[in-house]
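Order of listing sets the numbers, starting from 1, for every ligand and every atom in it.
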Amino acid sequence: MPTILIVYHSKTGNTEEMAKVVAEGAASTGVKVIRKKVQKATMQDLLKADGIILGSPTYYGSMAAEMKAFIDRSVSYHGKLEGKVGGAFASGGGLGGGVETTVLDLTKALLIHGMIVQGDPWGSHYGTVSIGKPNASAKKECKKLGEKVAGLVNRLAQAS
Ligand SMILES: Cc1cc2nc3c(=O)[nH]c(=O)nc-3n(C[C@H](O)[C@H](O)[C@H](O)COP(=O)(O)O)c2cc1C
């Protein structure tokens with residue numbers, strides 16, 4: 001059974017709420033889902049996963065330092081994550097506060113690892129974003145992110 005790993009940082013709970021709904025969306029497709037705060041996630045978790053979804057609050061227009069440190073540590077496995085499916089989500093304090101630049105920064109790291117990231121022509125184009133405590137519409141997007149990443153992982157697993 002394919003595995004989706006969700007790694008996130010959250011200090012006041014908003015990104016964590018998003019992570020829980022992303023996990024629900026992924027699990028609804030029948031994959032195994034592992035959801036970990038970044039402090040608990042390991043490089044082995046990255047290697048074992050078929051899909052990796054990263055989430056962070058927006059701090060000064062980019063990801064939290066904890067997420068950046070985790071990504072920087074993954075350089076030891078540079079090249080080993082190639083071909084895995086990726087996705088990203090971010091929480092911010094206000095519109096125009098940099099939530100999209102945060103989600104793009106997370107996505108850049110996934111792309112640099114050689115991962116496959118699907119865009120979205122309808123909702124959050126670059127990755128799922130939310131302001132403050134996620135409302136119903138943000139949660140719908142979070143669920144969709146989980147479903148999309150897991151759906152692509154399942155399709156690739158069937159094709160190989
Ligand atoms: C150090 C710090 C920097 C922040 N910088 C920004 C920012 O640049 N733009 C923004 O929209 N929100 C900013 N925020 C607000 C958080 O992104 C927002 O409250 C988020 O929902 C927190 O997520 P969490 O509840 O998962 O910790 C900042 C918060 C902190 C603590």
Side-chain angles (χ1 to χ4, degrees), residues 3-29 31-46 48-75 81 84-113 115 117-153:
T3 302
I4 303 292
L5 173 71
I6 300 166
V7 181
Y8 64 97
H9 179 63
S10 185
K11 207 169 164 197
T12 53
N14 295 332
T15 315
E16 179 155 64
E17 244 186 89
M18 294 178 79
K20 285 180 180 166
V21 186
V22 173
E24 280 169 27
S28 72
T29 73
V31 298
K32 179 180 172 190
V33 179
I34 298 172
R35 178 173 61 82
K36 285 195 176 181
K37 279 197 166 177
V38 69
Q39 292 88 345
K40 296 243 166 106
T42 66
M43 294 301 122
Q44 286 306 312
D45 291 329
L46 290 176
K48 281 191 226 152
D50 302 288
I52 300 166
I53 307 178
L54 303 178
S56 177
T58 301
Y59 284 178
Y60 288 89
S62 189
M63 70 185 84
E66 288 83 350
M67 285 306 298
K68 184 67 169 67
F70 179 73
I71 289 168
D72 288 355
R73 282 205 303 282
S74 71
V75 73
L81 307 183
K84 292 180 189 286
V85 179
F89 59 98
S91 174
L95 275 180
V99 75
E100 283 192 325
T101 47
T102 302
V103 91
L104 283 171
D105 285 351
L106 292 167
T107 302
K108 280 192 281 181
L110 298 170
L111 292 172
I112 289 167
H113 267 301
M115 294 174 63
V117 181
Q118 191 180 354
D120 188 336
W122 304 116
S124 295
H125 302 309
Y126 305 121
T128 303
V129 295
S130 167
I131 302 301
K133 191 176 161 57
N135 60 18
S137 127
K139 284 185 174 171
K140 201 171 147 200
E141 291 296 308
C142 289
K143 190 158 186 280
K144 191 165 75 174
L145 174 68
E147 287 166 356
K148 279 174 87 113
V149 172
L152 188 51
V153 163

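- Nearest protein heavy-atom contact of atom 11 (O) of ligand 1 is G93 N, 2.9 Å.
- Geometrically, ligand 1 and G61 share a nitrogen or oxygen pair separated by less than 3.5 Å.
- Atom 18 (C) of ligand 1 has its nearest heavy-atom neighbour, among S56, P57, G92, G96, in G92.
- When each atom of ligand 1 is checked for a heavy atom of T15 under 4.0 Å away, the hits are 23 (O), 24 (P), 26 (O).
- Nearest to atom 5 (N) of ligand 1 among the protein's heavy atoms is Y60 N, 3.0 Å.
- S56 places a side-chain N or O within donor-acceptor distance of the main-chain N or O of A64, the cut-off being under 3.5 Å.
- In this structure, the protein non-hydrogen atom closest to atom 20 (C) of ligand 1 is S91 OG, 3.4 Å.
- From the protein, the heavy atom lying nearest to atom 9 (N) of ligand 1 is G97 O, 2.7 Å.
- Counting only heavy atoms from C-beta outward, the side chains of D45 and V7 never approach each other to under 4.5 Å.
- Salt-bridge annotation for K144 and E141: present, with a side-chain N of the basic residue lying under 4.0 Å from a carboxylate O of the acidic one.
- Atom 31 (C) of ligand 1 has its closest protein heavy atom at Y59 CE2, 3.7 Å.
- Side-chain contact, T102 with D105: no donor N or O sits under 3.5 Å from an acceptor N or O.
- Atom numbering of ligand 1 starts at 1 in the shown order; those under 4.0 Å from a heavy atom of K11 are 24 (P), 26 (O), 27 (O).
- Considering backbone and side-chain N/O atoms, G98 never comes within less than 3.5 Å of an N/O atom of ligand 1.
- Put simply, the side chain of K84 gets close to the backbone of A49: a donor and an acceptor are under 3.5 Å apart.
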Notebook entry, point to check: Where do V153 and I4 land on the side-chain contact (heavy atoms from CB on, under 4.5 Å) test, with the steps shown first?
Noted result: CA-CA 8 Å; V153 163; I4 303 292; 3.7 Å; yes
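- Side-chain N or O atoms of S91 include none that pairs as donor or acceptor with a backbone N or O of I131 at under 3.5 Å.
- Which of V129, T102, T58, V99 comes nearest to atom 17 (O) of ligand 1 through a heavy atom is settled by distance: it is T58.
- By the 3.5 Å distance cut-off applied to N or O atoms, H9 is not counted among the residues near ligand 1.
- To the nearest 0.5 Å, atom NZ of residue K108 and atom OG1 of residue T101 are 9.0 Å apart.
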Next item on the list: Determine, step by step, whether Y59 and K11 satisfy the side-chain contact (heavy atoms from CB on, under 4.5 Å) criterion, reporting the C-alpha distance in whole Å, the side-chain angles of both residues, the deciding distance to 0.1 Å, and the verdict.
Entry: CA-CA 11 Å; Y59 284 178; K11 207 169 164 197; 3.7 Å; yes
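- The ligand atoms of ligand 1 that sit less than 4.0 angstrom from a heavy atom of G94 are 11 (O).
- Considering backbone and side-chain atoms together, G13 places an N or O closer than 3.5 Å to an N or O of ligand 1.
- The line from OH of Y8 to CD of E17 is 11.0 Å long, rounded to the nearest 0.5 Å.
- In terms of N/O distances under 3.5 Å, ligand 1 is approached by T12.
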